[in-house]
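Data first, discussion second: the structure below is written as structure tokens.
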Amino acid sequence: MINKLADIERKWQERWYDVGINEAEPDNRPKFMIIFAYPGVTGYLHVGHLRGYTYVDAIARYMRMNGYNVLFPVGTHATGNGAISLARRIKARDRATLDYMFANGCLESEIKNLEDPINVVNFFNDVYVNQYWKRFGFLADWRRFTCTIYPDYQKFIQWQFRKLKAKGLLIQKPYYAPACIECGPVAVDPSETDLQKGGRAEIIEYTLLKFRCENLFLVAATLRPETVFGQTNFWVNPDVEYVKVKNNDEIWVISRPSFEKMKYQKEGLEIIDTIAGKELVGKKCIAPMIHKEIIVLPATFCDPSVGTGLVMSVPSDAPDDWIALKELQENETMLSKYNLDPAEIRKIKPIPIIDIDGWGPLPAVEIVEKMGIERSSDTRLEEAKKIVYRDGFHKGKMNSNCGKYAGMPVQKAKELMRDEMISTGEAELFYDLSEEVICRCGKPVVIKKVPDQWFIDYGNKALTEASKRHAKTMHILPPEYYINIQNVLDWFRERACVRQGNWLGTRFPFDEKWIIEAISDSTLYPIYYLVSKYVNEGSLKTEQLTEEFFDYVFLDCGDPESIAKKIGVDLELLKRIREDVEYWYPLDINLGGKEHMTVHFPAFLMNHVGILQEKYWPRGIFVNWYITGKLGKISKSKGGAEPIPGAAERFGVDTMRLYYAHIASPFADVEWDEEALENYKNRIDRIIKTIDELRSLNGMEEFRHIDRWMLSRLNSRIRAVREGMKDFDLRQLANEVYFEMINDIRWYLRRGGNNKKLINRVLDVWIRMMAPITPHIAEELWENLGKECFVSTSNFPNVIEEEIRFDVEEAEEFLKSIVSDINEILNVTGMIPNHIRLYTSPKWKMQVFSTALDLAKRKELTIPGLTKIVMKDQLLKTYGKEASDFARKTAEVLLKCSNDELRRFEAQFDEFDFLNEAAQFLRNEFACEISVYSADDPKAPDPQNKAKLAIPRRPAIYVE
RNA sequence: GCAGGGGUAGCCAAGCCUGGCCAACGGCGCAAGGCUUAGGACCUUGUCCCGAAGGGGUCCGUGCGUUCAAAUCGCACCCCCUGCACCA
């Protein structure tokens, strides 16, 4: 069976690709262009990646079957150091890496070749296309394949950057970024691709405050520059040897470790001497901003590896400072050891500076008391600090001790005060990592100043506004992201777009020492698929991809004749590419994983808006969530999931496609679960068996109630699918086609359905509806029906509204409810039935019921109103209290009904005739005699007097 | 910290926008019966609690509230998860 599946898959893939139904050229149909965000070439992909890719192929197939000319191109993203780092590990014959390669099917003989990063890229390009995408039957236009390190692609990226510059969207300024002291720039992120340790570290911005002390500057590093108004003294660790550092004309005192980091951020720093901490104790220095003289005091909590190892003291808001001050004030030995005047020291009092809701004037003092912290060695000080800092930052306001900053929220004051001190020369910035970070090479990672870094200015107001406005017109899924992308675009700011170091990518056109960074060269690229085909087929050469060329084909600028002549390209070809762009662009859907929400998608959108004409701005974004492993996220580099070809072999491609489409909403993570795959495999088997069963029936000509029902359901299903697919809801499609349909067919067969024409119709529609998700099996079944074209290029079924028969479906529901009522009676009583008698509602009750229904429809139904009408009726009156009771009950029920429910009751069918027709079915179901009577029939046997319970839609039941 | 997502029966997972066919789609698991040489698959029925007559009770993280009516709307709380920029 497994082999048979694989054979079917291969057979149809060959036929599709032979005929080229996957290849797209402009014609007179409406177009639909869709891509998935191309994967980074950093190793083998896993079953999780196929989720999104499968959505794209299924959507593309659906649109193709709906008359669209569909373009679905693919490519890969090789920029960065993924391939470099893999090649390096292979070269080192790293055991784990080799195991990983072999486990995924790499041959021993390839290994030598993969020592070169470029070969790694080419190797994986082949794996992705042939082992994954073609293996999954994607109808992608392979001719357009491109990769970010192809020379033609790079010409395109250089053009893109020229355009960004021309639009004023490239800016240059200093930047502070993590870099290994040996290898250059590295990425600090939890995946630790570049690192040995410290992936969780964050970049911290310290404000360096300069305290003049004789001819020196004591330099404290702080995270809270807004607290300078609360300074009471200065802290130095008496046991630490500090260094004197020449910084331009100034001599700074800082710790040695901080110098080691700072030298990467400030030019020309130089150690000229050392100075012991204890030498500084007791000296006076001038505090920045407040220009007050304060005293230098000893404190052991000053850690030379944190900040500069020197600390300004704000005991009102810093628990450390408060405890240290208190300890010193109470410690005679210490005071005398350092020759400090106890009276002067004890005079020092915290100065309240920030008002925080829910706190007194001195939050540090308060929290220390509340937590019962006594010593500066208490580890809970860290927590205390966090609490005060958090509340202060979010809820605090500067108080009247803070000069012109009084009344200002802390968040705002912090920035303004920092900037003011920087501009007066009293402060500078210093960046550090929150924890130790070690490069893969073993050397430390520091924050390094890049003085001339280039940025793309995504903070540009006009660009942001235009992008936000445009995003509102886009089809963005899920709907939550449609809303959220507005915030993301606001929050998106200038982004470093080039880097130096060991890195694959495109040279920055304005300065060759830079390489364009990985996010920045993968934003506008969908449009490049319209050119890559011509390069791949050889009719365009890389050197012909000049600025004028792209200006013309993408921007419609310039004169084609002179450009054609100048670059030596056939004029017709040039015009044709221009027409291709005009036809295919804009992109209709860009689908990508949720990691793209705050990075790739906004950049993708803003580059389109920034560079292209409005008519080429993208039309849609689709975000999909992940397949996770049992232990969390499946990782490309760390493995943990079944290799794709193995899974395809075991379960079958269509099974996997159905799994992706149906297992959950695309907007939720799903755990990879082989048992679920087995179940989907069974599901497909079952469908094949059901189809065999249908085809083996000796169909008849007569068209009966149940055939009418089946036809109606069939159309209802098509309608539900089409409704769902307006939002590309593949799960809805899968649910209707692979689950609900089969349930309908089961019921149809159970009811004895067997109409030849109808069965053919059902098969025709059903199989076509399978084509987007399980195309191989759909083709095979389609061929078995004797069809000659591809199901993949047939039309997706349309709803025929007249065939939807609400009354017929309703009658069938009526029957199902009787079956379920009888089952319930049998279950509760434990009886084995010999004879079941059904009594349909008497006429007079139907009359009351339909009167009530009319009133309810007009929203005029009331209990007394209905009763009055009933009791006025000559005939009904004769039923006396029974009639008024029934009127009341009916009114009560109908008053609670929604409009949909009322609509159901309106469906007209003759219950008595219908049940008589269905009696044979019920006889089979319950293996006993079934009799149907009208409750009006005085001759009907009714030993337990049940018939009086009969009401419309609810026949009385008597089991014996 | 910034910005988001989510808590639904034994499990997975729809529904929530647009309140009422919701004891809550569907699937898995489990149980009984059928089919089958057997297993798997398949078919039927059941699977919150009570019930020897189709009924009743309770239920969608917790607590309030709006409404004739709340899984669905509002407020508050608790708990989980995700992304966050030179990583793609």
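All chains are named by letter (A, B, ...) in the order of the sequence lines, taking the proteins before the strands, and each is independently numbered beginning at 1.
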At less than 4.0 Å, is any side-chain N or O atom of [X] found next to OP1 or OP2 of [N]? Yes or no.
{"X": "A/Arg495", "N": "B/A85", "answer": "no"}
{"X": "A/Arg731", "N": "B/G15", "answer": "no"}
{"X": "A/Arg750", "N": "B/U45", "answer": "yes"}
{"X": "A/Arg746", "N": "B/C42", "answer": "no"}
{"X": "A/Asn735", "N": "B/A14", "answer": "no"}
{"X": "A/Arg954", "N": "B/G55", "answer": "yes"}

Separation of the P atoms in B/G51 and B/U44, to the nearest angstrom:
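After rounding to an integer number of Å, I get 29 Å for this pair.
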Would you mind classifying the nucleic acid contact of A/Phe393 as base, sugar-phosphate or nothing, using non-hydrogen atoms under 4.0 angstrom?
nothing
How is A/Trp625 classified with respect to the nucleic acid when contacts are heavy atoms under 4.0 Å: base, sugar-phosphate, or nothing?
nothing
For side-chain contact (heavy atoms from CB on, under 4.5 Å), just list the numbers for A/Lys816 and A/Trp747, CA-CA rounded to whole Å, side-chain angles, deciding distance to a tenth of an Å, and then say yes or no.
CA-CA 10 Å; A/Lys816 283 183 182 173; A/Trp747 179 254; 3.5 Å; yes
B/A85 base stacked by A/Phe492 (centroids within less than 5.5 Å, tilt under 30°)
yes
Does the Lys NZ or Arg CZ of A/Lys173 fall within the cation-pi geometry relative to A/Phe455 - under 6.0 Å from the ring centre and within 45° of the axis?
yes
